[in-house]
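In what follows, a structure is listed as structure tokens, so that the remarks can point back to it.
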Amino acid sequence: MGDSKKPVRPWWGVLATLLFWVILDAVAFLAGYVQCLKLTKIKESSSGGLWFNGAVYQYNTMCYLGGFVLFAGALAALWFLLLRNNYISVEENPWACKTLREVLNIAGAIGLVIVCILSTMISKDLGDSLTPGWASFITMVIWPAASLALAVFGGKLRR
């Protein structure tokens, strides 16, 4: 009786993972849209030929940082609320739950890439481009990679 160990609930971990990715993808869409507010047109661009004439835009620094802070805050809050205490060791985790969580992690990260691209496409035309390129790289690649790493390895970090 004195040894009250927390009960193992592997299916709650699956639900927590699903909620983590659904909410994070929605917030990433909003954050990506905030980053593309008040873009400054630098020059016209005709690199796409007749079909995709466009312009080169530069991020507004405050909007970009606002979107970044919104995403980073949501990532931290969701991890603390949903995933931090739901890490289950391999021995306690049935293979179906483990497999489903890994599939949800991969699908969520791919969904994060898609919503970041969609949020950018909403704010500009198809032939337009953004500068500096590293800022787009952070949003499109680093956000999903960091989220996936935190979702997969985050529980192991706290042990």
Taking the side chain as every heavy atom from C-beta outward, state whether Phe80 and Leu75 have any pair of such atoms under 4.5 Å apart.
no

Nearest-0.5 Å distance that lies between atom CD1 in Ile114 and atom CE in Met121
11.5 Å

Gln35 and Leu65: side chain to side chain contact (heavy atoms under 4.5 Å, CB included), yes or no, with the steps?
CA-CA 7 Å; Gln35 284 186 332; Leu65 290 175; over 6 Å; no

Closest contact, heavy atoms only, Leu104 versus Leu18
CD2-CD1, 3.8 Å

Given Ile42 and Tyr57, is the side chain to side chain contact (heavy atoms under 4.5 Å, CB included) satisfied, shown in steps?
CA-CA 5 Å; Ile42 295 176; Tyr57 290 93; over 6 Å; no

Where do Val34 and Gly67 come nearest, in terms of heavy atoms and distance?
CG1-N, 3.7 Å

Under 4.5 Å between any side-chain heavy atoms of Leu30 and Phe71, yes or no?
no

Partner of Val14 by side-chain contact (heavy atoms from CB on, under 4.5 Å), out of Val103, Thr99, Leu100, Leu19:
Leu100

Between Leu82 and Ala16 the two heavy atoms that sit nearest each other are O-CB, 3.4 Å

Straight-line distance of Lys38 NZ to Thr61 OG1, nearest 0.5 Å
12.5 Å

Correct closest heavy-atom pair for Leu78 and Leu24 would be CD1-N, 3.7 Å

In one Ile/Leu/Val/Met/Phe/Trp/Tyr side-chain cluster, 4.5 Å: Leu81, Val69:
no

Can Met140 and Thr120 be said to form a side chain to side chain contact (heavy atoms under 4.5 Å, CB included), step by step?
CA-CA 10 Å; Met140 307 288 180; Thr120 303; 3.3 Å; yes

Here the pair of heavy atoms bringing Ala109 nearest to Pro144 is O-CB, 3.8 Å

Just do the side chain to side chain contact (heavy atoms under 4.5 Å, CB included) check on Phe29 and Ile122 with the steps written out, would you?
CA-CA 10 Å; Phe29 179 82; Ile122 285 174; 3.3 Å; yes

Ring centroid separation Trp79 to Phe20 under 6.0 Å
no

For residues Asn60 and Leu37, determine if any side-chain heavy atom of one lies less than 4.5 Å from a side-chain heavy atom of the other.
no

For Ala135, check side-chain contact (heavy atoms from CB on, under 4.5 Å) against everything at least two apart and list the hits.
Tyr59, Tyr64, Pro132

For the hydrophobic clusters of this structure (ILVMFWY residues joined by side-chain heavy atoms under 4.5 Å, transitively), does one cluster hold both Met62 and Leu39?
no

Nearest heavy atoms of Cys116 and Trp143, plus distance in Å:
SG-CE3, 3.8 Å

Gap between atom OG1 of Thr17 and atom CZ of Arg101 - 0.5 Å precision
3.5 Å

